[in-house]
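Written below as structure tokens is the structure these notes are about.
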Amino acid sequence: MLDPVLLRTRLDEVRTRLGTRGNGFGGDLDRLVELDVERRAILPVLETARHARKDVGERIARARRAGESADDLVKAGQEHAAAIKEQETKLESVEAERSAWALKLPNLPHESVPVGSSEADNVEVRAHGERPGFEFEPRPHWEIGPALGILDFERAAKLAGARFAVLTGAGARLARALINFMLDLHTSEHGYTEVEPPFLASSEALTGTGNLPKFEADLFKIAGQWDLYLIPTAEVPLCNLHRDEILDGRTLPVWYVAYTPCFRSEAGSYGKDVRGLIRQHQFDKVELVAYATPETSWDVHEALTRHAEEVLKRLGLPYRTMLLCTGDMGFAASKTYDLEVWLPSYGAYREISSCSNTEAFQARRGGIRFRRDGRGKPEHAHTLNGSGVAVGRALVAILENYQQRDGSVLIPDVLRPYMQGREIIEPAAPQAKR
RNA sequence: GGAGGGAUGGCCGAGCGGUCGAAGGCGGCGGUCUUGAAAACCGUUAGCGGGGAAACUCGCUCCUGGGUUCGAAUCCCAGUCCCUCCGCCA
């Protein structure tokens, strides 16, 4: 949600800055402002009427105590009550429409974000690592994995359909190794507090992060009389941890890390990344979330991005850090860095992490505030999130970047302690074939 | 799944439908006393939104949302969450 004061006082600037966003905001800004004006016109009238009612009520009480008749006063009270009802009804409908619009407005891009219309306008900030030079034709992970007997799409289809995968043996172990490696790195070296949240979230929680009301189609909703959805990312539970709370500013920033599975309907992505693990309905992710004061949030953003990068560095995966342009940013983000890992099968870098500062956008929706020095007026906190990193895509990157001519895959050094010292994944002895 | 009990300020806890935004206690803050501290005593202490330079003032807020009423912390309905017992269960 945008700052309503900004909308009131600097409408043209807001309009211009929102206009640089990709899919636009699809809302009528003028209507929103109009509704805000209407709302603020109704309020004084309503409050005056309420005051009058209260006053009459007190006089009735006094009259009754004195044993006098209060019939006239009761009559006046009835009139006030009717007037209040009328104003309340008006306010309710105006407010309903106003907040519906307000919740669909995306965040304002930060000044440092390059204006652009698509990912082609994103800016490379830095790159790290050497792309592997193969002396053979590298294969894509959807061939490497099944050949090693650690990745199975066909059996997954029996269980749940397309866009699901089964990991077995060293594959499952590798995923678990990645999760543990990332959690260990972030908790013991980067100072994050580990969280294991629910994997389902309420509509209220999803509204706080900005997934609802606009992007319901991207979510899996639980059937029946449940107001619950499968989480599309641990950002949702982590950013709602302190919803409707007032934090002590002296404790900020606070850092959380969680491993969770993530669930996405991938509506509208038919024909995109249909092969392999890149785009699945369910995938594992280690997520980083921070709560910060407005003065520190940009430093925190840089730090959080570096924390995600550190994962790729230690895994020895070549990556680059991209500053997303206005047209390619997500709904809630004010500024986003994407980390892109090199995938030989695509001959390209693919997103493996996305690190955003939403400033007060989510905090305003979710009522996340803090008090400086634990005292004074509450202010909205800033929230930040980033993948640290996507497990499925990391696994893909390892299979493809560490593949050998004979089809085996080397295990990155940092993961070996998590793989019982194992250094390489080779085809398993033939097991029960289909 | 069944049967009960509960939700009030930072915390605990009282509250006949009528100056109740709410007794009392704890905690916090200020003070008296003291060389200093403790104890004791006195005073003070909810949040949010609007108006005002300020003193101050108006509205909302006793889990949430409806309802009854001139008037609701208090009565009615629905829901949420917590607790106890029974059943089931990793």
Side-chain angles (χ1 to χ4, degrees), chain A residues 1-9 32-33 35-100 102-103 196-208 212-213 221-229 236-237 240-252 260-261 360 363-381:
Chain A
M1 209 147 37
L2 299 183
D3 184 351
V5 174
L6 211 58
L7 232 37
R8 238 169 261 154
T9 56
L32 181 58
V33 171
L35 289 163
D36 184 53
V37 170
E38 274 184 49
R39 178 175 164 271
R40 290 155 63 79
I42 294 168
L43 281 174
V45 179
L46 176 59
E47 287 182 7
T48 306
R50 278 177 174 159
H51 182 59
R53 178 183 66 181
K54 198 174 177 180
D55 184 56
V56 167
E58 276 169 28
R59 278 154 61 192
I60 291 172
R62 239 177 286 136
R64 289 267 163 88
R65 262 195 305 265
E68 297 164 9
S69 161
D71 292 356
D72 289 351
L73 289 169
V74 169
K75 191 146 181 298
Q78 284 166 344
E79 280 163 23
H80 289 313
I84 289 166
K85 192 79 202 160
E86 187 191 332
Q87 294 302 318
E88 280 177 344
T89 307
K90 234 163 99 184
L91 180 67
E92 198 182 323
S93 82
V94 167
E95 179 53 23
E97 193 187 344
R98 193 196 65 85
S99 72
L103 286 172
E196 186 185 293
F199 300 161
L200 299 177
S202 67
S203 61
E204 214 176 338
L206 284 152
T207 302
L212 290 179
K221 190 176 200 315
I222 300 300
Q225 297 305 304
W226 299 95
D227 174 37
L228 287 173
Y229 298 77
V236 174
N240 277 280
L241 225 43
H242 295 301
R243 178 155 50 91
D244 292 325
E245 288 184 24
I246 299 176
L247 304 168
D248 186 335
R250 291 169 296 193
T251 65
L252 298 177
T260 71
R364 223 172 269 122
R365 290 171 156 248
I368 303 163
R369 296 177 295 173
F370 74 98
R371 269 193 246 269
R372 286 169 198 282
D373 303 324
R375 301 165 160 270
K377 285 274 175 200
E379 301 171 52
H380 289 293

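Just so we're on the same page: letters track the sequence lines, and every chain starts at 1. All values below come from the heavy atoms of this structure, side chains included, with hydrogens, waters and symmetry mates left out.
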Length of the [atom1]-[atom2] vector between [X] and [N], whole Å:
X       : N      : atom1 : atom2 : value
R371(A) : C48(B) : CZ    : C1'   : 11 Å
R50(A)  : U57(B) : CZ    : C1'   : 17 Å
R364(A) : C48(B) : CZ    : P     : 17 Å
E379(A) : G49(B) : CD    : P     : 12 Å
L43(A)  : G49(B) : CG    : C1'   : 9 Å
D71(A)  : C70(B) : CG    : C1'   : 11 Å
E47(A)  : C48(B) : CD    : P     : 17 Å
E58(A)  : G18(B) : CD    : C1'   : 9 Å

Could you please name the partner base of [N], counting Watson-Crick and G-U wobble pairs only when both distances are under 3.5 Å?
N      : result
A90(B) : none
A73(B) : none
A23(B) : none
G17(B) : none
A55(B) : none
C41(B) : G31(B)
G4(B)  : C83(B)
U64(B) : A78(B)

Taking the same atom, [atom1], in [N] and in [M], what whole-Å distance lies between them?
N      : M      : atom1 : answer
G71(B) : U61(B) : P     : 13 Å
A22(B) : C62(B) : C1'   : 8 Å
C70(B) : G65(B) : C1'   : 23 Å
A39(B) : A54(B) : C1'   : 41 Å
C82(B) : G31(B) : C1'   : 42 Å
G6(B)  : G10(B) : P     : 24 Å
G52(B) : C58(B) : P     : 16 Å
G15(B) : C86(B) : P     : 30 Å

If I take atom [atom1] from residue [X] and atom [atom2] from residue [Y], how far apart are they, to the nearest 0.5 angstrom?
X       : Y       : atom1 : atom2 : value
N240(A) : E245(A) : CG    : CD    : 10.5 Å
I84(A)  : T89(A)  : CD1   : OG1   : 11.5 Å
R62(A)  : R65(A)  : CZ    : CZ    : 7.5 Å
L241(A) : L247(A) : CG    : CG    : 10.0 Å

Side chains of [X] and [Y], heavy atoms from C-beta outward: is any pair under 4.5 Å?
X       : Y       : value
L32(A)  : R98(A)  : yes
V33(A)  : R8(A)   : no
L212(A) : Y229(A) : yes
L7(A)   : D36(A)  : no

Do side-chain atoms of S99(A) reach the backbone of A102(A) as a donor and acceptor pair under 3.5 angstrom?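 Absent.
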Look at all strands and tell whether [X] reaches a base, only sugar-phosphate, or nothing, counting heavy atoms closer than 4.0 Å.
X      : answer
G77(A) : sugar-phosphate
I60(A) : base
Q78(A) : sugar-phosphate
R64(A) : base
K75(A) : nothing

Nearest-nucleotide comparison on RNA chain B, the residue closer to the 5′ end among A52(A) and V56(A):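 First, find each residue's nearest nucleotide; the 5'-ward one identifies A52(A).
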Let me spell it out: for each of L73(A) and A61(A), pick the nucleotide of RNA chain B with the closest heavy atom. Which residue's pick is nearer the 5' end?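 Final value for this comparison: A61(A).
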Let's see if you can work this out: which of [options] has an atom nearest to the side-chain heavy atoms of [X]?
X       : options                : result
R369(A) : C60(B), C48(B), C70(B) : C48(B)
A81(A)  : C60(B), G18(B), G71(B) : G71(B)
R53(A)  : C58(B), G71(B), G18(B) : G71(B)

Answer yes or no: does atom [atom1] of [X] have more than 12 heavy-atom neighbours from other residues, nucleotides or ligands under 6.0 Å?
X       : atom1 : value
K221(A) : NZ    : yes
E92(A)  : CD    : no
E204(A) : CD    : no

With a 4.0 Å cut-off, would you call R59(A) and D55(A) a salt bridge?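 Counted as a salt bridge, because a side-chain N and a carboxylate O are separated by less than 4.0 Å.
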Please produce a list of atom pairs where a protein N or O lies less than 3.5 Å from an N or O of nucleotides 77-80 of chain B.
none

For U69(B), decide between syn and anti, treating a glycosidic angle within 90° of 0 as syn.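 Glycosidic conformation of U69(B): anti.
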Under 4.0 Å between a side-chain N or O of H51(A) and OP1 or OP2 of G59(B)?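 Yes, because at least one side-chain N or O of H51(A) sits under 4.0 Å from OP1 or OP2 of G59(B).
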Distances for protein N or O near nucleotides 62-68 of chain B N or O, under 3.5 Å:
{"residue": "G67(B)", "atom": "OP1", "partner": "K85(A)", "partner atom": "NZ", "Å": "3.1"}

